[in-house]
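See below for the structure under consideration.
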Amino acid sequence: MASKPRTLYEKIWDEHVVERSDANDDGGTCLIYIDRHLVHEVTSPQAFEALRVSGRTVRRPDLTLAVPDHNLPTTARLDSAGKRLPIADAESAAQLAALETNAPAFGIRYIGATDAEQGIVHVVGPEQGFSLPGATIVCGDSHTSCHGGLGALAFGIGTSEVEHVLATQTLLLTPSKTMEVRVTGDLGPGITPKDLVLHIIGVIGTAGGTGHVIEFRGKVFEEMSIEGRLTVCNMSIEGGARAGLVAADETTFAYLKGRPLAPKGDDWDKAVAWWKSLATDPGAKFDKSVVIDAADVQPTVTWGTSPEDTVAIGGVVPDPASFADPSKQDAARKSLDYMGLIPGQRMDEVEVQNVFIGSCTNSRIEDLRAAAKVLQGRTKAPSVKWAIVVPGSGLVKAQAEAEGLDKIFIAAGLEWREPGCSACLGMNPDKVPPGERCASTSNRNFVGRQGPGARTHLVSPAMAAAAAVMGRLTDVRELT
Amino acid sequence: MEPVKLISGKAYPFGRKNVDTDVVIPAHWLKTISRDGLGKGCFEVVRKEPSNVFDDPAYAGAPILIAGDNFGCGSSREHAAWAMLDMGITAVIAPSYSDIFSSNAFKNGILAVALPQAAVDRLMEVAKTDPITIDLEHQTVTTPFQDRFTFELDPFRKHCLLNGLDEVGLTLARQDAIAGYEARASKDLPFLAKGIAAAG
Ligand code: SF4
C-alpha cells in the first residue's frame, strides 16, 4: 500500500480518513475529517435550525468561518453618518440576520457585512489564508471547488451536510475517481485562465468530470498565478467534477505566507514540508485522462445556456443539427431560442446591453487589473445600459482603489460596487433585465441565472471590458 | 426521517437531460430560512411552457419523476430536494445524477434510482398511462406490464433509507473515532488542526 504511487487527491483523501465503513474495501463509504468550513447566509439557516431543534452544538467552531455574500446588495452599506443602511428586501434581510445571529450563538468567527474583510466566501477563504493546501474544505456552495487552486480538496455540500459538518466536523463520503486534465504547450498572448477553463469545459462537457476529482496538470498551470488557478478550479464543477486541484508549489507558498489565518513560525515550516509531499507521485494512475493543447485556446465565449456551449470569439453560433446527439440538438435549439441567436451568426456581432465583472470566478485583483487595462482611456458604448464591477472582497476593493482602478472604471462609465455575489445569480437586486444580454465574468449561463429571461455570455474580465467598450462581444486582442 | 420501502404511483414523464438545480428551483426561491413551502417554485421555468407534464392533471401528485442523464447538475442547493419533496416527489428515475444532487436527495429520503437509458425510455412510455413501482428492499422498478428493472444502490444508503436513519445521529455515535483522529492530527498536522482562533 505504502509503495503504490498515489495522486494528490488520493494522498489528501487517505490523510483525512477517520474511519472506513469496511476495512477491506477501499471504495466504500468513509468518514472524512473536514479541516475548514465556510458558511454563508443562503445554505446555512436550516442547518443551524436543525442543530437547535436537536440540541446539538458545533464541534469545531474554530475551523469554521462565516461571511455573508449572496444576498447583500452591492450598493453602499453605510449612510454618511456611518450607520448601517437597512436591506429593502425582507427575505434577504431575514437570511442575513439569521447568519449574524447564528454565527456568534454557535461560537463561529463572523465577518460582517460592513467589515473590511467581507466578500464572497471563495474569495475570502484564500485571501485570509483560511484555505490551505492539503486541507479538506467545504461550503454549502458548489463553487467551493475554487479553493482547489491552492491544492486543497474543496467541494460544495448541501445544507444537510452543512449540518453534519457543524455537528461532527466530518462527512460521510465515497471516494471519487481521479481525472487528469493535462494541458500541453503555452497559452497564446492575451489568453487568460478563464478562456482556458471555458475551453476545457467545452471539450469535456458538463458531465465530463462527473464522479471525478480533476487534477489540472502541465506547465501552463505551473506558470499560472494562484488567482488564475482559483479561476480554473472554480469552474471545474461546471465540468461535472466534484472538485478541481492544482498541486501546491512555491507560487502557492509565496501567496499564502503571512496571510492573517495562515500558519506561522514552526507550523509554517512543517506545513510547507507536508504540502511538498502531497504532489502526485510519478507513475500514479488516473482513472481518466484528457489532454488539451494550449495552442487551441482562443478568447472563448458561450453561446448557449450550458457552460459547455463554448466557442472561440472568432467563431459562429453553431447549427443545432451539427450535434451528433439528438438530445443535444434539442437542447441547442432550446438554448438558441432562449438566447435569441441564429445558427451561423458571428459571435463578435452579438450585441450586449449589460456587462458584469465580478463573481468568485473573476473578481480578484488580477481580474480587475485585466479589465481596467482594457478600459483605460476608453468609455463604454452608449448602447451598453448597465455595466458594473463588483470586487470579490473588501480587501480587493481597497487594493483596486489604491491602484486607481476604480477611477478607470468610473471614467469608462462603469459602476464601482461593494463586494458580494451580485449579478452572478441575481439573488440581490443586481439583475439583468428579461431578454437582454450580458457579457459576464461569472461561471453559469443557465436559463434565468442572472434574472428571469436574462441572456448570459460567459467571458473573461478582459473580454467583458472589451464588450463594454464595443457594445458587442469582441475579441479583446483587437483593442490591445 | 421517514423510512422508505415501497414507492408506487404515477410518474411525471419529464425525460429531459442535464436538468440543473436552477431549473428545479430558481435562485429567487432560496431566500427562505425554512425547508417548507418550496413546492410552489418547483420547476417554475418548465411550468411556463405550454402543456408541461407538471401541470398536466393526468400526473397530479405523482410521487415519481422520470428524467434524463445528469439530473440535478449545477448549483449544490439542497432546496432542489426540499422543493421536490414539498411537491410530493419521493423518487427520481434517471440514467445518471450529479454527485451533489444524489447526495442531497438521499439525505432527504428521496430515492434516486439510476437505470440505463433504454429502461428509462420504456418507463417514460409506461408512465403516460400506468403507475410504476419502486421496491427499495429488492432494488427493482416494475410496471403492470411485467417490466422488471433492477438498480444498484450503495448498501449504506439503502440501510439508512429503509430504516429512516439520521446521518448526523449516526456519526455523533462515532465521537471516539473523531476525537482519535483529532488527537493524531494535532500531532501530525498541527497547522491544519489548530484552527483559526489559535492562528488569528
Ligand atoms: S459569486 Fe456566484 S458562483 Fe460564486 S459563490 Fe457567489 S453565487 Fe456562487
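This structure is a prediction, so every number in the text was calculated from the model and none was measured. Residue numbers begin at 1 in each chain, while the letters A, B, ... track the order of the sequences.
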With a 4.5 angstrom heavy-atom cut-off, which part of B:Ala179 approaches chain A: side chain, backbone, both or neither?
both

May I ask you to name which of [options] has the most heavy-atom pairs under 4.5 Å with chain A?
options                               : result
B:Glu44, B:Glu182, B:His79, B:Arg157  : B:Glu182
B:Val23, B:Thr32, B:Asp154            : B:Thr32
B:Asp188, B:Asn18, B:Asp166           : B:Asp166
B:Ala177, B:Ala193, B:Pro190, B:Ser75 : B:Ser75
B:Asp69, B:Leu30, B:Val45             : B:Leu30
B:Arg16, B:His28, B:Arg35             : B:Arg35

Is the closest basic N to carboxylate O distance between B:Glu137 and B:Lys5 below 4.0 Å?
no

Do NZ/NE/NH1/NH2 and the carboxylate oxygens of A:Arg449 and B:Asp20 come within less than 4.0 Å?
no

Which answer fits [X], side chain, backbone, both or neither, if we ask what part of it has an atom under 4.5 Å from a heavy atom of chain B?
X        : result
A:Ala241 : neither
A:Ala331 : neither
A:Ser92  : both
A:Asp330 : neither
A:Val17  : backbone
A:Asp325 : side chain
A:His16  : both
A:Glu49  : neither
A:Leu31  : side chain
A:Thr144 : neither
A:Phe130 : side chain
A:Glu15  : both
A:Ser327 : side chain

Heavy-atom nearest pair, A:Pro45 first then A:Asn102, reads CA-ND2, 4.4 Å

Validation row: [X], [Y] side chains within 4.5 angstrom (heavy atoms):
X        : Y        : result
B:Ile100 : A:Ser142 : yes
B:Phe191 : B:Leu189 : yes
A:Ser335 : A:Thr305 : yes
A:Cys30  : A:Leu173 : no
B:Leu6   : B:Leu136 : no
B:Glu78  : B:Phe101 : no

Check whether the ring centres of B:Trp82 and B:Trp29 lie less than 6.0 Å apart, and answer yes or no.
no

Applying side-chain contact (heavy atoms from CB on, under 4.5 Å), run through B:Phe14 and B:Val46 and close with a yes or a no.
CA-CA 10 Å; B:Phe14 184 40; B:Val46 181; 3.8 Å; yes

Could you walk me through whether A:Gln450 and A:Thr456 pass the side-chain hydrogen bond (donor to acceptor under 3.5 Å, both in side chains) check?
CA-CA 7 Å; A:Gln450 294 194 289; A:Thr456 304; 2.7 Å; yes

